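Notes to accompany the following structure.
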There are 2 protein chains.
Amino acid sequence: MARRGETLELAVLGLLHESPMHGYELRKQVNGVLGWSRLLSYGSLYPALKKMLRAGWIAEHVAAPEPGAGGRRQRIVYELTPAGDAEFQRLMADVGPSAWEDDTFDVRFAFFSRTDMEARLRILEGRRSRLQERLERVQRQLERTQRQVDRYATELQRHGVESVEREVRWLSELINAERGDGRPTGPGAASGSQDVQHQ
Amino acid sequence: MARRGETLELAVLGLLHESPMHGYELRKQVNGVLGWSRLLSYGSLYPALKKMLRAGWIAEHVAAPEPGAGGRRQRIVYELTPAGDAEFQRLMADVGPSAWEDDTFDVRFAFFSRTDMEARLRILEGRRSRLQERLERVQRQLERTQRQVDRYATELQRHGVESVEREVRWLSELINAERGDGRPTGPGAASGSQDVQHQ
DNA sequence: GTTAGCATGTAAGGAGTTACATGATTTT
DNA sequence: AAAATCATGTAACTCCTTACATGCTAAC
């Protein structure tokens, strides 16, 4: 049951899973690697780190201010504890609807290497049908409300629909690639764009 | 100075500008017309309406429960006051950076018919350079951090970049259309990207 | 000597969600 | 009789941002 707030938590856990890091660096990674549009603020990150420390998922240790490049002050390096690793596994094991919601999906996807193919497929397919539902809902509304007098409102909607359709295609390619990788000469999934995307 | 919270306000003002509506209907319009992914909740909308009532921007009147289709209870219909119309104009007149932020841009765009071409161009161009900055930042990061061991993280970033590039192209087309509509055979703006960037 | 980037934090507040509370009317 | 849809609202809570507070080192 991954609530909304567990997204940042998962991101931190996943990044520390790769290597220990201090807060400032962690923030840049969260922004960069996870392609978040709005830069995560320190007012968000540091309290989250404190909370995770208290929960015993991460451990801190003060690193010497190595005189390399840039003005280095004493940094606090965080690393994953065994409990933190367990928590990461627990969160990643959730393949229910919450795993394919808008805010969480990207983070899950970024750490897909740490899940098995079955979980990946379930999440990708869940995400896809979620988007398809959205598409149907919007298109139904487009027909229902005939008030298409306004070109800008119409154009906005058209662009929105196209964006979602594009993402559905992307997901379909990923799903095919997953299945293709599973069975090298798969007979069912071999229609054209089999593994186009997978890298 | 359109702060984050003024987005819902602007949406309501804009929709009531077209015609009076009650809350339930307003919510559907906000969700549908403005293509919002997450459905706006009543816990958000009704307090906002109360606030706008107190501010004098909208007026309420109880409508008789006309026995048409659907279970109709007594509805509260809201309509724009002259003060509300003024506020709408004031908000729409803001062509500064806040007008092209992620959460606000869509709403502004939906009501573009109520602005002049100059304001439209300024906002479209502002939005475009904002996205281009984002693109550069991500691409710089992609080069800097060589840790591209993970195919999923890489794929996520690739898709993200492509999405933003696609939106930049969309904005460019809209900008061209605006200029084309303004001066049917415009001689000045015809040199490719003459004033593309100018913020 | 001042600006820019590195680095860590706290306090206050904003914007929205979820869950709760209520109740009418129409369709199945 | 139950379920679905219409319709309005409140209270508690969550997550996040902004602004503030501090101070180091490197480059200009």
Side-chain angles (χ1 to χ4, degrees), chain A residues 1-12 21-31 36-54 60-78 97-98 101-104 107 140 144, chain B residues 1-12 21-31 34 36-54 60-78 98 101-104 107 140 144:
Chain A
M1 47 164 76
R3 279 154 34 259
R4 191 66 137 270
E6 284 172 357
T7 302
L8 175 54
E9 213 165 80
L10 181 61
V12 169
M21 252 178 269
H22 60 279
Y24 194 86
E25 177 68 18
L26 214 34
R27 180 188 178 236
K28 282 196 295 189
Q29 293 287 327
V30 168
N31 291 326
W36 282 354
S37 46
R38 34 161 64 76
L39 263 59
L40 180 74
S41 68
Y42 298 121
S44 230
L45 177 62
Y46 286 115
L49 286 172
K50 296 279 169 188
K51 193 191 151 200
M52 293 170 75
L53 256 180
R54 281 197 304 274
E60 64 180 357
H61 78 97
V62 177
E66 48 159 303
R72 303 258 147 137
R73 152 186 170 177
Q74 193 173 269
R75 290 155 299 152
I76 298 175
V77 174
Y78 297 94
S98 55
E101 261 162 28
D102 284 334
D103 0 68
T104 320
V107 183
R140 239 182 299 122
R144 214 162 54 75
Chain B
M1 44 162 78
R3 279 152 35 259
R4 192 62 139 274
E6 284 171 359
T7 302
L8 175 54
E9 213 165 80
L10 181 61
V12 169
M21 252 178 270
H22 59 278
Y24 194 87
E25 178 68 20
L26 214 34
R27 180 189 178 235
K28 282 196 296 188
Q29 294 287 328
V30 168
N31 290 325
L34 305 180
W36 283 356
S37 46
R38 32 163 65 77
L39 262 59
L40 180 73
S41 68
Y42 298 121
S44 229
L45 176 62
Y46 285 116
L49 286 172
K50 296 278 170 189
K51 193 189 151 202
M52 291 170 76
L53 255 179
R54 281 197 303 276
E60 66 180 353
H61 79 99
V62 177
E66 47 158 302
R72 303 256 147 137
R73 149 187 173 178
Q74 196 174 267
R75 291 154 300 155
I76 298 174
V77 175
Y78 297 93
S98 56
E101 259 161 31
D102 283 333
D103 359 69
T104 321
V107 183
R140 239 181 299 123
R144 213 162 54 77

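This one's a predicted model, so the numbers in the text were calculated from it and none came from an experiment. In what follows, chains are A, B, ... by sequence order, proteins preceding strands, each numbered from 1. As a basis for the values below, the full set of heavy atoms in this structure was taken, side chains included, without hydrogen atoms, waters or symmetry mates.
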What is the distance, to the nearest angstrom, from the [atom1] atom on [X] to the [atom2] atom on [N]?
X	N	atom1	atom2	result
B:Leu49	D:dT10	CG	P	11 Å
A:Glu60	C:dA7	CD	P	16 Å
B:Tyr46	C:dA19	OH	P	19 Å
B:Tyr24	D:dC6	OH	P	4 Å
B:Met21	D:dT8	CE	P	12 Å
B:His22	D:dG9	NE2	P	11 Å
A:Arg75	C:dG5	CZ	C1'	14 Å
A:Tyr42	C:dA7	OH	C1'	7 Å

Checklist entry - With a 4.5 Å limit on heavy-atom distance, are the side chains of B:Met52 and B:Leu8 in contact? => result no
Here the gap from A:Lys51 atom NZ to A:Leu49 atom CG, rounded to the nearest 0.5 Å, amounts to 11.5 Å
Review point. So what does B:Gly23 hit on the nucleic acid, given a heavy-atom distance under 4.0 Å: a base, only sugar-phosphate, or nothing?
Key: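 Here B:Gly23 touches the backbone only, sparing every base.
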Exercise for the section: Assign B:Leu39 to base, sugar-phosphate, or nothing according to its heavy-atom contacts below 4.0 angstrom with the strands shown. Expected result: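 Counting heavy atoms under 4.0 Å across all strands, the contact made by B:Leu39 is with sugar-phosphate only.
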query = Where do A:Thr7 and A:Asp103 come nearest, in terms of heavy atoms and distance?
reply =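 Between these two residues, the closest heavy atoms are CG2-O, 3.5 Å.
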Given the ring of A:Tyr24, does A:Arg75 sit roughly above its face, with NZ or CZ under 6.0 Å from the centre of the six-membered ring and within 45° of the axis?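 Verdict for A:Tyr24: no cation-pi partner in A:Arg75.
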Side-chain contact check for A:Leu40: nearest option of D:dT17, D:dG9, C:dG9 is D:dT17
Practice item. Taking only the side-chain nitrogens and oxygens of B:Ser44, find out if one of them lies under 4.0 Å from OP1 or OP2 of C:dT17. Key: yes
